Amino acid sequence: MVYNPNKIEKRWQRIWEKSGIYQASDKVKGKNNFYNLVMFPYPSGDLHIGHWYNFAPADVYARFKKMRGLNVMSPIGFDAFGLPAENAAIKRHIHPKTWTYKNIARMRSQLKSMGNSYDWSREIITCDPEYYKWTQWMFLQFYKNSLAHRAKVPANWCPSCKTVLANEQVVDGKCERCDSQVIQKEIEQWLFKISDYAEALLEDLDNLDWPSATKLMQKNWIGKSEGWEIKFKIKNYKLEIPVFTTRADTLFGCTYLVVAPEHPIIINNKSRITNYKFVEQYINESKKKTERERISEIEEKTGVELKGIKAINPVNGREIPIFAANYVLMHYGAGAIMAVPAHDQRDFEFAKKYNLPIKMVICPNYPKTICPILDRAFENEGFLVDSGKFTGMPSNTARERVGEWLQKDEVAEKKVYYRLKDWLISRQRYWGAPIPMIFCEKCSWQPVREKDLPVLLPNIKDYLPTGEGKSPLAKSKKFMNVVCPKCKGPAQRETDTMDTFICSSWYFLRYADPCNEKKFASAQKLQTWLPVNMYIGGAEHSVMHLLYARFFVKALKKMGQLNFSEPFLSLRHQGIILGPDGQKMSKSRGNVVDPDEQVKKYGADAVRIYLCFMGPYNQGGPWNPNGLVGISRFLNKVWQLCRSQPSTSSRKADFYKLERLLHQTIKKVTDDIDNLRFNTAISALMILVNELHNQSENTSRSIKTLLLLLAPFAPHLAEELWLKIGEKKSIHGQKWPVYDSKLVEEEKIQFIIQINGKVRDKIETAADISEAEAKTLVLASEKIKPWLQGKEIKKTIFVQGKLINLVI
RNA sequence: GGGCGAGUGGUGGAAUGGCAGACACGAUGGAUUCAAAAUCCAUUGAGCGCAAGCUCAUGAGAGUUCGACUCUCUCCUCGCCCACCA
């Protein structure tokens, strides 16, 4: 009988679903529970090979953990709100909801064809009212705990479409749809105070079992910088400009100040700035640019002097000019800097352009005072020169001393700034969870009462954004006009919806208790499953999603809703699968691999194993169209092995050799899956199969072990053969085989003899040979004799069980 | 500009201080077949040699070491992330 994957796979998928063998029990207590999570997909239409690469090996891991005796939960769901649904709706005239649910239905059946051990009874869809009710509830908790607030925030604004644009809708500073110049417009929006948690988010990174690169990315994103805030007085006025610096040691070299174009010192002193008209013009120019552009423009720095006002350098009383320039950002630090052109490259470039004095105050050669001639800023450490009483001090010490000295006069203050900005969560979009807030003229903003949740997303027909920068929901009077929860007077709903990252910031909590109508999840079930033991997904979520989810958990813990402070104990990223041409897969390149086609041709088991086998899991790589052939052969061999007795081979089974290989394979596969090294686990299984294939006698025990080891990788084939060899119960409920560490060790080894580090002979010896014995063998070797002829052995290195190296 | 990661046969990769190229793909030759597919066997880094064997070889160059794909430094190339963060 021939191995026909398509026949057996569908059948087993049906049987497993009916029997519910992958449903995780909530009742198991203690440490035996294992929460294995993959990043839930966005229902974009089709399951692509990237999804497979994330989900299939993750399922191997889950199945392995289950066979190791753990009570494993592997849930799946859909991250269903988002902009692409709206775009598809506009393009194809389908309602976002219709489009989304149609995609979900399709992807669900594709997911099932993978043969993963998902507990489908826990499926969640974030655009279901039963789910977003709790997303809205989350918002209310954040609001009640002062973690949600309103502020004017610049948004991408297309003046021609009169609409707010998402970052990805801005192409080259122009509107994606009408090609007109996008400007920055300030709009009042809701923000989450993630910055309150900057320090906690940074500190707790240390304890996580995450890829170090991911931790580092989060660290840089949070961007803690410690320094001093220094107040510069304005000459003749009772005004001051605080600046933030991490290099207080360079203060004596400060030759001018720079403020951001939006800095209040400008607007508040229109009459004092003698060239205000000119300054205003510059500010308007810079407003046209998005911050992203302002930053990414590598073009020259520009600026304008604020004439009529001068600042005073507190360390030496010198008068210095003040500039407004595009290279200083309002939202970071104090929105103003002290410019030290000799020791900061940006200031250096600016000073060169506007012919400002460059004063060297850090010199690497002290006490020789020959300072290098600068063709760029000297940003390294050195010794202070020309710096009053600090002259001669190492710059890293002076950094604190100068600050402390000024602190006595309350001119300086120690400060910590974070790059992390508050999280803007308002979206002027239709396809998202409505923000549960109501605005009343009398009572201002009022939260929707919890018992009135969910605020249902109305089924409106026109989901194009409005002309005033409001969400399409503003068009529905029925939705908007409500009574104020406080005074019962007429009021209006918030019409913005929430950023979809909010939906995905807590979904892993809901899986623990997906049908609960009274709470987002019961304390007891959270206790059972959370935090997540293993989280597997793409590295593209290194900052946004993974940081937001951490923030949510920390905030919820503080509110008393959770009793743990990190959501994901272990995290791993899969690599990216490239097209056969080594390029990123894309429809326009025509190098997209359709997993459905591959499954049809080779079966889901083969595709799963190919993905495991192609290389290190976190590395990804190009799809090799021929690679599946080898896997297919391998699975066929397994099939033949179990279905018929080989008669062609003449080799007799060497019992001990086979036994040893079997135990070595168990060890290798066990260790490898545990460390997500799927590729080498498969190679070990191939070696075992090749060996069994060459034997004329198979012990049924080695076949059983092989099938057990193969079960996580090829669940359908293993299940089929398991029952065919006479077993009664599903292989996926069986215990993982154990190895005997004595049997793993080789009795005899290839002992290496090196002369000067080069291999000159190999001899078969006992594994525990001593140095003296080894030496005797070496001297007896015919191959070695000529090498030692007339030479003196200067040194001998002996490595137990491995080699001996003679240095001559 | 900064950070991180990678670079090994014709290809994907294995080996993380101790036999470089496991396992697989592809290729070549053979067996089987009327023929093909499938399957099986053999060979397969380069060079020299009839052979035993020797030499070279893990992006380039240096260093540490008895011994380096592996550790350190410099440089080159590619990929990803961040990017005027004071």
Side-chain angles (χ1 to χ4, degrees), chain A residues 2 211-214 216-217 219-221 223-225 227-229 243-247 250 258 260 291-292 294-299 301 325-329 331-340 344-347 349-350 417-421 539-540 542-543 575-576 578 580 582 584 610 613-616 618-634 636-637 640 646 648-649 677 679-687 689-690 693-694 750-762 782-783 794-799 801-808:
Chain A
V2 191
S212 55
T214 306
L216 193 73
M217 258 190 241
K219 195 181 155 204
N220 292 340
W221 189 265
K224 182 179 184 174
S225 77
W228 291 87
E229 189 168 276
V243 305
F244 177 62
T245 181
T246 54
R247 292 294 303 266
T250 63
V258 189
E291 189 153 275
R292 215 166 241 269
R294 242 171 79 189
I295 290 166
S296 65
E297 271 174 359
I298 314 289
E299 70 179 50
K301 295 167 176 52
N326 60 358
Y327 78 99
V328 172
L329 310 171
H331 70 77
Y332 188 77
I337 61 152
M338 57 175 227
V340 186
D344 183 293
Q345 185 57 24
R346 292 155 302 169
D347 298 341
E349 285 165 29
F350 191 79
Y417 275 105
Y418 298 92
R419 217 179 62 105
L420 184 68
K421 285 192 274 183
E540 67 273 18
S542 288
V543 269
I576 296 169
L578 304 171
K584 225 175 195 175
Y610 171 69
F613 185 59
M614 62 184 290
N618 58 10
Q619 214 172 284
W623 177 273
N624 180 355
N626 297 320
L628 268 160
V629 175
I631 304 300
S632 202
R633 278 181 202 150
F634 165 68
N636 259 304
K637 257 186 206 173
Q640 297 307 327
T648 50
S649 176
R677 290 189 301 249
N679 54 335
T680 46
I682 295 295
S683 117
L685 287 171
M686 285 173 168
I687 292 169
V689 168
N690 288 344
H693 197 79
N694 287 334
Q750 285 273 308
F751 192 74
I752 308 293
I753 304 169
Q754 294 182 336
I755 309 277
N756 287 344
K758 293 202 167 158
V759 181
R760 295 303 179 191
D761 197 9
K762 303 168 190 180
E782 288 300 324
K783 283 182 188 167
K794 288 179 190 149
K795 200 173 172 184
T796 308
I797 291 108
F798 175 76
V799 182
K802 278 212 171 121
L803 58 80
I804 188 162
N805 184 15
L806 306 179
V807 186
I808 54 170

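Order of the sequence lines fixes the chain letters, A, B, ..., with proteins taken first and strands second; residue numbering starts at 1 for each chain. Keep in mind the model is a prediction, meaning the values are calculated, not measured.
At the phosphate of B:rG12, neither OP1 nor OP2 sits under 4.0 Å from any side-chain N or O atom of A:Asn679. For B:rC85, one of the phosphate oxygens OP1 or OP2 lies less than 4.0 angstrom from a side-chain nitrogen or oxygen of A:Arg346. OP1 and OP2 of B:rC4 both lie 4.0 Å or more from every side-chain N or O belonging to A:Ser212.
Of the candidate nucleotides B:rG18, B:rA86, B:rC85, B:rA86 has the atom nearest to the side chain of A:Thr245. Residue A:Ala213 has its side chain nearest to B:rC4 when only B:rC85, B:rG18, B:rC4 are considered. Set against B:rA86, B:rC81, B:rC66, the side chain of A:Met217 has B:rC81 as its closest nucleotide.
Nearer to the 5' terminus of RNA chain B, by closest-nucleotide assignment, is the contact made by A:Lys802 (compared with the other of A:Ala336 and A:Lys802). With the nearest nucleotide of RNA chain B identified for both A:Asn220 and A:Tyr332, A:Asn220 has the one nearer the 5' end.
The base of B:rC66 has none of its N or O atoms less than 3.5 Å from a complementary donor or acceptor on the side chain of A:Lys795. The base of B:rG18 sits within donor-acceptor range of the side chain of A:Gln754, with an N or O pair under 3.5 Å.
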Stepwise side chain to side chain contact (heavy atoms under 4.5 Å, CB included) check, A:Tyr610 with A:Ile682: CA-CA 9 Å; A:Tyr610 171 69; A:Ile682 295 295; over 6 Å; no

Run the side chain to side chain contact (heavy atoms under 4.5 Å, CB included) check on A:Gln750 and A:Leu803 step by step: do they pass? CA-CA 9 Å; A:Gln750 285 273 308; A:Leu803 58 80; over 6 Å; no

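A:Leu216 comes within 4.0 angstrom of the backbone, heavy atoms only, and of no base. Residue A:Gln750 is in base contact, counting any heavy-atom pair closer than 4.0 Å across all strands shown. Here A:Lys762 lies in heavy-atom contact (under 4.0 Å) with a base. Contacts of A:Pro616 with the nucleic acid, taken as non-hydrogen atoms under 4.0 Å apart, involve only primed sugar atoms and P, OP1 or OP2.
In this structure, A:Ala325 and A:Phe350 approach most closely via the heavy-atom pair CB-CE1, 3.8 Å. Heavy-atom minimum distance, A:Ile631 versus A:Met686: CD1-CE, 4.0 Å. Closest heavy-atom contact between A:Met614 and A:Gly621: CE-O, 3.7 Å. A:Lys762 approaches A:Val759 most closely through the heavy-atom pair CE-CG1, 4.2 Å.
Using Watson-Crick or G-U wobble geometry with both donor-acceptor distances under 3.5 Å, B:rA68 finds no partner in any strand shown. A 3.5 Å limit on both hydrogen-bonding distances identifies B:rC78 as the Watson-Crick or G-U partner of B:rG5. In a base pair of the Watson-Crick type (N1 to N3 plus N6-O4 or O6-N4) or a G-U wobble (N1-O2 and O6-N3), with each distance short of 3.5 Å, B:rA46 is matched with B:rU55. Nucleotide B:rG17 has no partner under the Watson-Crick or G-U criteria, as no pair reaches both atom distances under 3.5 Å. In this entry B:rU32 has no Watson-Crick or G-U wobble partner, no candidate having both defining distances under 3.5 Å. Across all strands shown, B:rC23 is found opposite B:rG12 as a Watson-Crick or G-U wobble partner, with both distances under 3.5 Å. Remark: B:rA83 base-pairs with no nucleotide in the shown strands. Criterion, Watson-Crick or G-U wobble with two distances under 3.5 Å.
Atom CG in A:Leu329 sits roughly 11 Å away from atom P in B:rA83 (whole-Å rounding). Here B:rC40 presents its P atom at 9 Å from CG of A:Asn636, a figure rounded to the nearest Å. Rounded to a whole Å, the CZ atom of A:Arg677 is 12 Å from the C1' atom of B:rA15. One interatomic measurement links the two molecules: NZ of A:Lys224 to C1' of B:rG3, which rounds to 20 Å at whole-angstrom precision. When rounded to the nearest whole Å, the span between OH of A:Tyr327 and C1' of B:rA83 equals 17 Å. Rounded to whole Å, the distance from CG on A:Leu420 to C1' on B:rC82 is 14 Å. When rounded to the nearest whole Å, the span between CZ of A:Arg419 and C1' of B:rG2 equals 12 Å.
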Under 3.5 Å, N/O pairs linking protein and nucleotides 23-30 of chain B:
{"residue": "B:rA24", "atom": "OP1", "partner": "A:Asn690", "partner atom": "ND2", "Å": "2.9"}
{"residue": "B:rC25", "atom": "OP1", "partner": "A:Arg633", "partner atom": "NH1", "Å": "2.5"}
{"residue": "B:rG26", "atom": "OP2", "partner": "A:Arg633", "partner atom": "NH1", "Å": "3.4"}

Below 3.5 Å is the cut-off: list the nitrogen or oxygen pairs between protein and nucleotides 41-45 of chain B, distance only.
none

Contact list (N/O, under 3.5 angstrom) for nucleotides 54-58 of chain B vs protein:
{"residue": "B:rU55", "atom": "OP1", "partner": "A:Arg760", "partner atom": "NH2", "Å": "3.2"}
{"residue": "B:rU55", "atom": "OP2", "partner": "A:Arg760", "partner atom": "NH1", "Å": "3.2"}
{"residue": "B:rC56", "atom": "OP2", "partner": "A:Lys758", "partner atom": "NZ", "Å": "3.4"}

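For B:rG9, the glycosidic angle deviates from 0 by 90° or less, giving a syn base.
On the C1' atoms, B:rU44 is 23 Å away from B:rA38, given to the nearest whole Å. With both ends at atom C1', the span from B:rA60 to B:rC66 equals 26 Å, rounded to whole Å. Spacing of P atoms, B:rU39 relative to B:rA24, comes out at 13 Å, to the nearest Å. Nucleotides B:rC25 and B:rA31 place their C1' atoms 22 Å apart, quoted to the nearest Å. Straight-line distance between the C1' atoms of B:rA20 and B:rU58: roughly 7 Å, to the nearest whole Å. Atom C1' of B:rA68 sits at a distance of 11 Å from the matching atom of B:rG63, rounded to the whole Å. One P atom belongs to B:rA46, the other to B:rU11, and the distance between them is 12 Å to the nearest Å. B:rU74 and B:rC80 have their C1' atoms separated by 24 Å, with the value rounded to a whole Å.
Side-chain contact check for A:Ile797 versus A:Gln754: every heavy-atom pair is 4.5 Å or farther apart. For the pair A:Lys637/A:Asn690, a side-chain contact is recorded, criterion being any heavy-atom separation below 4.5 Å from C-beta on.
How far CD1 of A:Ile804 is from CD1 of A:Ile755: 9.5 Å, rounded to the nearest 0.5 Å. Taking OH of A:Tyr418 as the reference point, atom NZ of A:Lys224 lies at 4.5 Å (rounded to 0.5 Å). For the atom pair A:Tyr327 OH and A:Ile337 CD1, the distance stands at 4.0 Å (nearest 0.5 Å). Taking CG from A:Leu420 and CG from A:Asn220, the interatomic distance works out to 12.5 Å, rounded to the nearest 0.5 Å.
Across A:Val243, A:Asp347, A:Asp344, a single residue satisfies side chain to side chain contact (heavy atoms under 4.5 Å, CB included) together with A:Met338, and that is A:Val243.
The aromatic rings of A:Tyr332 and A:Tyr417 sit tilted, their planes meeting at an angle between 30° and 60°.
With 3.5 Å as the limit, one finds no donor-acceptor pair spanning the side chains of A:Asn805 and A:Lys795.
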